[in-house]
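Structure first, commentary second.
Naming convention: chains lettered A, B, ... in sequence-line order (proteins, then strands); numbering from 1 in each chain. Below, all heavy atoms of this structure are taken into account, side chains as well, without hydrogens, waters or symmetry copies.
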Amino acid sequence: MNAQNQRLPGGGRIDRSHPIEFSFDGRKLAGYRGDTLASALLANGVTLVGRSFKYHRPRGILSAGPEEPNALVTLGSGGRREPNLPATTLELGDGMVVETQNRWPSLAFDVQSLNGLFGPFLSAGFYYKTFMGPTRRAWMFYEHFIRKAAGLGRAGTDPDPARYEVRHAFADVAIIGSGPAGLSAARAAAAAGARVALIEQDFLLGGQLLAERSDGIAAAWLNEVEAELKGLETVTLMKRTSAFGVYDGNVLGLAAQREPLDTRSTGEARQTVTMLRAHSVVFATGAIERPMVFSNNDRPGVMLASAARTYLNRFAVLPGKKIIVAAANDAAWRTAFDLAEAGAEVTVADLRAAPPPALAAEAGRLGVAVRTATRIVDLRGGHAVRRATLSGPGGQSETACDLVCMSGGWSPTVHLTSHLGIKPRYRDDIDGFVPGIFPASWSGAGAMMGAYATADTIEDGHRAGIEAASFCGKSAPVSAPPKLDLGETVTAPLRDVPSAHRGKAFVDFQMDVTTKDIELAHREGYESVEHLKRYTTLGMGTDQGKTSNFAALAAMAGLRGATVPETGTTTFRPPFTPVAIGALAGRATGHHFKPFRRTPMHDWHQANGADMLEVGLWMRPWFYRQSGADVNEAYVAEMRTVRQAAGLMDISTLGKIDVQGPDAAIFLDRVYANGFAKLPVGRARYGVMLRDDGIVFDDGTTTRLAESRFFMTTSTAKAADVLSRLEFLLDTAWPDLRVAVTSVSDEWAAMSIAGPQSRAILAAEFPSLDVSDAALPHMGLLEGEWEGRALRILRLSYSGERAYELYVGATAGAQLWNRLLEAGDPFGLKPYGVEALGALRVEKGHVAGPEIDGRTTLDDLGLGRIAGKRSGFVGDVLRRRPALLAPARERLVGLECIEDGKRLRGGAILFLPGEKAHGHGRGRVTSVTFSPERGHYVGLALLAGDMAAEGNEVVAVYPMKAETVRARIVAPVFLDPQGERLHG
Amino acid sequence: MLRIECPCCGPRDHDEFRYGGDASVTRPAHDDPDPEAWYAYVYVRKNPAGLHREFWQHVIGCRQWLVVERDTRNHVISSVAFARTSQA
Ligand SMILES: [Zn+2]
């Protein structure tokens with residue numbers, strides 16, 4: 001095992017009593033609890049951790065936080081494999097298996113880095129031009145190679161066995177970020193009386209304070225405030241939780257990681273997404289340090305200055321021995337001082353000609369060499385930086401080094417505040433963007449608002465916490481926060497002006513965008529920020545360009561001779577940090593992807609060989625194995641049973657609506673295209689509803705139970721829409737009508753018994769009920785009791801046979817179903833499924849969902865007669881628009897297959913005989929079935945009215961199976977056109 | 001996520017609601033035979049950048065149809081009321 005050679009003997013926020021072993025590309029390494037993967041790698045002297053996206057350049061660790069563009073790794077294996085995780089936020093866990101990405105055959109020797117090969121393809125605009133321009137065809141050819149060469153980690157292909165959760169939570173005040181500003185805000189808001197959720201992506205609270213010495217005054221302050229917050233029941237500390245999105249209504253999307261323990265053994269969720277609804281939000285998201293842009297600035301061993309300080313003070317890792325700190329402001333000097341104190345040989349190269357004398361004095365005391373008005377212009381070294389070329393007043397010189405720390409200033413982390421469209425605002429004094437104007441329920445605090453000195457951020461957080469609590473009506477008196485003055489001096493950075501570079505000077509490390517790419521975009525006219533972004537792919541990586549955005553803006557501003565605010569800023573969208581799809585799904589996967597609705601007879605179907613079919617959310621019997629070996633055999637057999645004896649069908653899925661009130665008949669008269677006012681009590685009627693635009697909405701049967709009470713059924717699919725529509729009309733259009741509508745869909749089990757033996761079976765099962773044709777004629781209603789439960793029998797037919805619908809209380813559904821099958825057994829009664837149901841109605845020529853498809857009118861469907869001369873119903877006026885009456889409109893016809901051994905298929909396109917089968921054709925087949933009555937396939941179709949004359953031939957083309965079949969147009973009724981079997 | 005303060009049930013996520021379109025248009029009387037009136041009601045919309053009166057139904061809740069005033073520019077909801085103003 002590799003010793004942790006770079007680890008200092010003491011200090012840091014790591015638990016040295018708890019060593020952790022992990023595997024990195026097969027190498028066994030060790031770290032401590034409290035390490036991130038990045039800090040453990042650095043402790044082991046590992047600086048090369050990845051290859052870049054396009055050029056396969058060696059990359060190291062740039063940052064110590066979620067902004068990391070380079071050090072992306074793949075964690076785990078098999079279904080648990082997760083790619084593109086920043087090593088800088090990955091909490092080290094026992095037995096972690098980590099692989100580097102985007103290298104072949106190995107990280108140290110990567111074939112594609114010999115990449116003069118691919119360079120020309122991959123310059124700026126490559127993707128843009130390839131996808132949008134005349135070279136699109138070439139993409140087809142090159143894609144295969146490019147995809148292999150360019151990319152990040154690969155996702156696993158096995159199902160992920162880990163558990164994920166989605167939960168919902170509420171708070172008065174949500175505070176995002178637990179640096180000094182967030183902690184101070186949490187303390188104040190809680191003291192004021194608010195319920196507080198403090199959200200921190202790290203596994204420790206403290207934010208930038210964690211970069212301070214672990215035994216100093218910053219640590220003391222942090223301990224004091226953290227202890228205070230932990231003691232409060234009204235404060236929820238949400239560590240390891242990344243706020244990835246801010247949504248309307250102050251809803252925050254939060255993704256929480258488990259502690260790195262093996263969730264396989266505990267069964268706990270690996271990640272949890274929380275949708276947090278807060279009355280007010282405090283953004284204390286801090287700031288991200290900007291890299292500097294110079295030649296070969298992407299070499300392993302180049303690090304943000306604040307990150308180096310974090311590795312030193314938090315993780316007790318000295319990441320270099322001979323260090324150059326490239327500064328443009330005062331903050332980077334503190335890194336130089338701490339590194340020098342830890343024993344490194346440090347040179348500060350400050351862009352500024354005259355840094356504050358106090359800093360120079362301290363540098364002198366610590367033996368830190370200082371070069372002013374000096375910048376780094378180039379680096380040498382492949383897998384690790386070896387020498388730096390510095391350019392200053394005395395010309396250029398080379399200096400040996402093993403670590404370069406850089407600080408081009410700070411960019412407030414405004415991403416989350418931009419998610420709802422609030423444009424960031426440029427501030428001259430800090431040369432950076434801060435958020436625009438907030439809504440009243442939001443506050444910002446600390447570095448994200450441009451306040452960089454710790455003492456100021458604490459004050460700012462305190463104010464924001466009080467403000468946020470007060471917005472929630474909580475304003476108990478709050479004591480002043482403990483003071484912490486780290487003595488930082490804050491100055492605006494001197495902006496680094498990128499100029500001609502010897503080698504590649506990277507702006508966006510993850511997407512491999514260089515200054516040359518930005519120059520090219522400018523030359524080709526892609527000057528607006530949004531164009532620049534799409535043209536160069538800048539900021540489009542998994543890091544959303546957190547470290548690159550400002551440098552790109554500055555570069556473009558320089559090229560255009562404009563200011564940064566004139567150049568603009570891009571729009572930030574969720575997620576701030578990547579979220580695993582599994583976490584968003586939570587438990588809603590596989591069987592739980594959506595709810596299943598089961599009828600009261602579901603268990604019987606399952607136990608008796610039904611193949612089930614998903615119909616919307618419902619599970620319905622498709623066909624029964626007892627009827628045939630496959631669906632085609634079974635449905636024909638089930639049709640024969642219905643036509644020759646009797647069949648029993650579960651129709652509990654129908655929508656059922658109770659319509660009551662003195663004006664119920666008037667109401668139904670308006671919502672149906674056909675009249676209901678004159679329907680006698682005890683009788684049912686088929687009805688069709690239109691939409692306001694005159695298109696058919698739904699059909700069903702409504703029965704008059706009493707003078708002012710009706711029982712409506714709707715199609716299975718439209719049950720919810722119909723109820724909502726009826727409620728809409730009553731609430732908004734006709735509030736004067738005294739009517740109430742109530743869904744009773746789940747209260748009634750329903751079954752249909754159809755076939756010539758059906759009456760005999762009912763007579764056998766219900767000896768006390770008179771089911772004679774006189775007592776229960778076609779479209780009649782019989783109400784009674786069965787086993788002490790309400791029972792309704794409606795004599796309705798969908799199949800064309802004598803048939804009855806039976807409605808009984810849902811809990812008695814299975815019992816009645818069983819009893820009917822027993823009673824019907826001597827008569828040949830058998831269950832049938834939806835395939836046979838659909839086939840029977842096609843044979844009878846009834847329209848259903850495939851014909852009532854949201855585009856057809858009553859006339860299209862041959863139902864114009866039911867409206868007759870009526871008016872005043874929904875859709876009446878617009879159904880008579882000229883376009884809907886055009887003779888060439890597609891209308892319903894019947895089709896008969898006239899080629900032996902061939903079949904019709906739903907969805908086939910209709911053409912004239914001899915016509916080229918191209919385009920949308922003259923119409924389409926909507927529903928088909930094999931007709932045992934006719935001995936061949938029959939179907940319903942929508943066909944252009946001017947060619948729909950009965951007797952004509954058409955050709956039905958089904959390109960998916962390369963089938964062409966001839967068919968004859970017939971009337972859309974294939975069985976018993978006189979309707980005699982209804983009474984048979 | 002919009003949060004709609006149902007006058008019956010309190011503040012709820014928009015997942016519980018069904019959107020019902022523009023509430024500023026006037027529905028013609030059920031027996032109004034004028035095609036222009038129906039055309040305007042069904043098809044003509046102002047689509048404002050700003051305050052928009054719209055119908056929402058609290059389907060997973062009290063099932064009341066509501067009139068919500070929402071600013072289309074920032075989704076801020078300024079009022080919610082029952083759509084049914086006159087009771088029969
Ligand atoms: Zn409600």
Close contacts, [range] versus chain A, judged by heavy atoms under 4.5 Å:
range                     : value
residues 41-50 of chain B : B:Tyr41, B:Val42, B:Tyr43
residues 27-34 of chain B : B:Arg27, B:His30, B:Asp31, B:Asp32, B:Pro33, B:Asp34
residues 6-17 of chain B  : B:Asp13

Less than 4.0 Å between a side-chain N and a carboxylate O, is that true for [Y] and [X]?
X        : Y        : answer
A:Glu747 : A:Lys656 : no
A:Asp693 : A:Arg881 : no
A:Asp860 : A:Arg889 : yes
B:Arg18  : A:Asp721 : yes

Heavy-atom proximity to chain B below 4.5 Å, by part of [X]:
X        : value
A:Arg691 : neither
A:Arg725 : side chain
A:Leu729 : side chain
A:Leu878 : side chain

If I compare all heavy atoms of [X] with all of [Y], which pair ends up nearest, and what's the gap?
X        : Y        : answer
A:Thr714 : A:Ala719 : OG1-CA, 3.2 Å
A:Ala174 : A:Leu252 : CB-CD1, 3.6 Å
A:Val659 : A:Ala664 : CG1-CB, 4.1 Å
A:Val671 : A:Leu726 : CG1-CD2, 3.9 Å
A:Arg880 : A:Leu885 : O-CD1, 3.5 Å

Atom pair [atom1] ([X]) and [atom2] ([Y]), whose distance is rounded to the nearest 0.5 Å:
X        : Y        : atom1 : atom2 : answer
A:Ile176 : A:Thr241 : CD1   : OG1   : 11.5 Å
A:Phe576 : A:Phe244 : CZ    : CZ    : 13.0 Å
A:Phe710 : A:Phe667 : CZ    : CZ    : 11.0 Å

Is there side-chain contact between A:Val246 and A:Trp442, with heavy atoms separated by less than 4.5 Å?
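They are in contact (side-chain heavy atoms under 4.5 Å apart), so the answer is yes.
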
Interface residue of largest heavy-atom contact number with chain B, from [options], under 4.5 Å:
options                      : value
A:Ser724, A:Gly253, A:Gly249 : A:Ser724
A:Ile422, A:Leu420, A:Leu730 : A:Leu730
A:Asn250, A:Val874, A:Leu723 : A:Leu723

Any side-chain donor paired with an acceptor under 3.5 Å for B:Ser24 and B:Asp22?
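Judged by distance alone, the side chains do pair up.
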
If a pair satisfies ring-ring contact (aromatic ring centres under 6.0 Å, His included) and one of its residues is in residues 62-83 of chain B, list it, with sequence neighbours excluded.
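Every pair satisfying ring-ring contact (aromatic ring centres under 6.0 Å, His included) with a residue in residues 62-83 of chain B: A:Phe728-B:Trp65.
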
A quick test of your reading: do over 12 heavy atoms of other residues, nucleotides or ligands sit less than 6.0 Å from NZ of A:Lys594?
yes

